[in-house]
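The structure appears right after this line, and notes come after that.
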Amino acid sequence: MRPHSFTYDFPFCEAFEWVERSPIGELMRGSKAIFPIVESIHLIGLALFVGTLLLIDMGLLGLAMRRQPVAEVAAALAPWTRTGFVLLLLTGPFMFSAQAAKWHDNPVFWIKMLLLIIATSFQWSVRRRVALEPPAKWIGAVSLVLWISTALSAKMMEFV
Amino acid sequence: MLSICQWVYHTPMSIAIRESIWVYPILDVLHCVGILLVAGTIVVIDLRLLGLGMRRLPVSSVVGQVLPWTLSGFGFMALTGSLLAWSEPLRLYHSLFFPWKLLFLAMAGVNALLFHYGIYREVGAWNSAPLTPARARLAGVVSIVCWICVIAAGRAVGYETT
């Protein structure tokens, strides 16, 4: 493993280095092809997740799928949003393990994780009731802002 | 082709995008957003064609309501993608995967046009059927496969060293 110096004093240095040195981390660095393959699956999951989520949230805002009740759209698409989310959760940790120590030093990584926690909590507490209650515009707006920020911070991680 | 790429490489705009610290990452982020929008919304149409989602809505209703999002995503993706390609034509010229990405993109486009001007013209006959005709289902599968390949080839271009 390359020598590493921590610039920020976040509390998980050893754990992150351990993950990077673990067999899974080594597997992810084992060939040039494996990381792009896992990342492709991650992006396919993201496309599924973001696409279906966008149609539901834009529906809540009255900007898409206006010809039927939002609840119906949400009920029909939610299983696919969940499928996308599962793909993301399955592949994300593998990508993380390839360069865990590097992510530890990256402030945008921590912003992404924070946004992910907030967005997921919102999803599972407030937004899941969309199918049951009269639609509330603000739920769609908050959900969109949270998930778009999460996805953008994920992409910006690469450049910081 | 190589001489065209070399000419593009030396245009002021290509140099400007390449040498700026922020323009390339911003274009890259927007390009990703565009692809996600295209693939993520077209898959909803494909799932309806395959009878795997939104079965209770008529096909034409799903296509009519989702397609504007797909097309605006496509415009976004094509514009930012062209600018990204403009900034590094020589790398892409020597790239192993970039031609594949364009090929799958073209196949996705041809598939969509064949669907739209083919079986979709008779949508009235199967609009509300949960199970669509075989040709429509085939279009759905081809679309999903093509977009998965576009995304995968795109990632491969990002990581290959030429």
Side-chain angles (χ1 to χ4, degrees), chain A residues 31-59 63-84 87-88 91 95 98 108 147-149 151-160, chain B residues 21-48 50-58 60-70 72-73 77 97 101 144-145 147-161:
Chain A
S31 89
K32 270 170 75 179
I34 190 153
F35 193 89
I37 290 171
V38 174
E39 191 180 352
S40 297
I41 300 170
H42 195 72
L43 286 176
I44 289 155
L46 185 62
L48 200 55
F49 181 78
V50 169
T52 51
L53 188 108
L54 180 87
L55 291 174
I56 299 170
D57 286 344
M58 285 297 182
L63 297 171
M65 311 300 285
R66 277 189 285 195
R67 284 185 234 160
Q68 58 287 304
V70 184
E72 197 182 324
V73 178
L77 292 182
W80 292 104
T81 316
R82 276 198 292 276
T83 308
L87 282 177
L88 288 167
T91 48
M95 293 163 65
V108 183
W147 286 114
I148 289 173
S149 325
L152 288 183
S153 62
K155 185 70 196 174
M156 290 313 289
M157 271 161 59
E158 283 177 37
F159 298 113
V160 173
Chain B
I21 298 171
W22 283 107
V23 175
Y24 190 93
I26 288 171
L27 283 175
D28 196 0
V29 169
L30 295 178
H31 188 60
C32 283
V33 172
I35 290 186
L36 291 177
L37 199 55
V38 175
T41 56
I42 208 165
V43 77
V44 173
I45 297 175
D46 297 334
L47 289 171
R48 175 61 185 90
L50 291 169
L52 296 172
M54 316 213 81
R55 292 164 65 118
R56 280 190 237 160
L57 291 181
S60 65
S61 182
V62 176
V63 172
Q65 293 181 96
V66 174
L67 203 58
W69 292 93
T70 314
S72 31
M77 179 189 91
F97 290 100
K101 179 174 176 175
I144 289 178
V145 172
W147 283 105
I148 287 177
C149 291
V150 169
I151 290 176
R155 276 300 62 199
V157 172
Y159 285 100
E160 70 186 346
T161 41

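Basis for what follows: all heavy atoms, side chains included, without hydrogens, waters or symmetry-related copies. Order of the sequence lines sets the chain letters (A, B, ...), proteins ahead of strands, with each chain counted from 1.
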**Prompt:** Taking the side chain from Gln65(B) and the backbone from Arg67(A), do they hold a donor-acceptor pair closer than 3.5 Å?
**Reply:** yes
Atom pairs and distances, donor-acceptor, side-chain atoms in residues 37-46 of chain B, under 3.5 Å, two or more places apart:
unit_1   : atom_1 : unit_2    : atom_2 : d
Thr41(B) : OG1    : Leu37(B)  : O      : 2.6
Thr41(B) : OG1    : Val38(B)  : O      : 3.3
Thr41(B) : OG1    : Thr70(B)  : OG1    : 2.8
Asp46(B) : OD1    : Ser143(B) : OG     : 3.2
Asp46(B) : OD2    : Ser143(B) : OG     : 2.6

**Asked** Quick one: does Met65(A)'s side chain get under 4.5 Å of Met54(B)'s, heavy atoms only?
**Response** yes
**Fill in**
Looking only at Leu46(A), Val50(A), Ile37(A), most heavy-atom pairs under 4.5 Å shared with chain B are made by Leu46(A)
**Asked** Hey, which of Phe159(A), Phe49(A), Phe35(A) has the most heavy atom pairs under 4.5 Å with chain B?
**Response** Phe159(A)
**Request:** Hey, could you give me the CD1/CD1 distance between Ile44(A) and Ile151(B), rounded to the nearest 0.5 Å?
**Result:** 5.5 Å
**Complete:** Closest non-hydrogen contact found for Leu43(A) with Leu36(B) is O-CD2, 3.8 Å
**Prompt:** Contact part of Val62(B) toward chain A, heavy-atom cut-off under 4.5 Å: side chain, backbone, both or neither?
**Reply:** neither
**Fill in**
chain A shares the most heavy-atom pairs under 4.5 Å, among Leu52(B), Leu47(B), Ile26(B), with Leu47(B)
**Request:** State, to 0.1 Å, how close Gly53(B) and Trp80(A) come at their nearest heavy-atom pair, and which atoms those are.
**Result:** CA-NE1, 4.2 Å
**Message:** Ignoring hydrogens, what is the shortest heavy-atom contact between Pro36(A) and Arg155(B)? Give both atom names and the distance.
**Reply:** O-CB, 4.3 Å
**Max heavy-atom pair count under 4.5 Å with chain B, selected residue of Leu77(A), Leu48(A), Ile41(A)** = Leu77(A)
**Item:** Closest non-hydrogen atom pair between Trp69(B) and Leu55(A), with its separation
**Value:** CD1-CD2, 4.1 Å
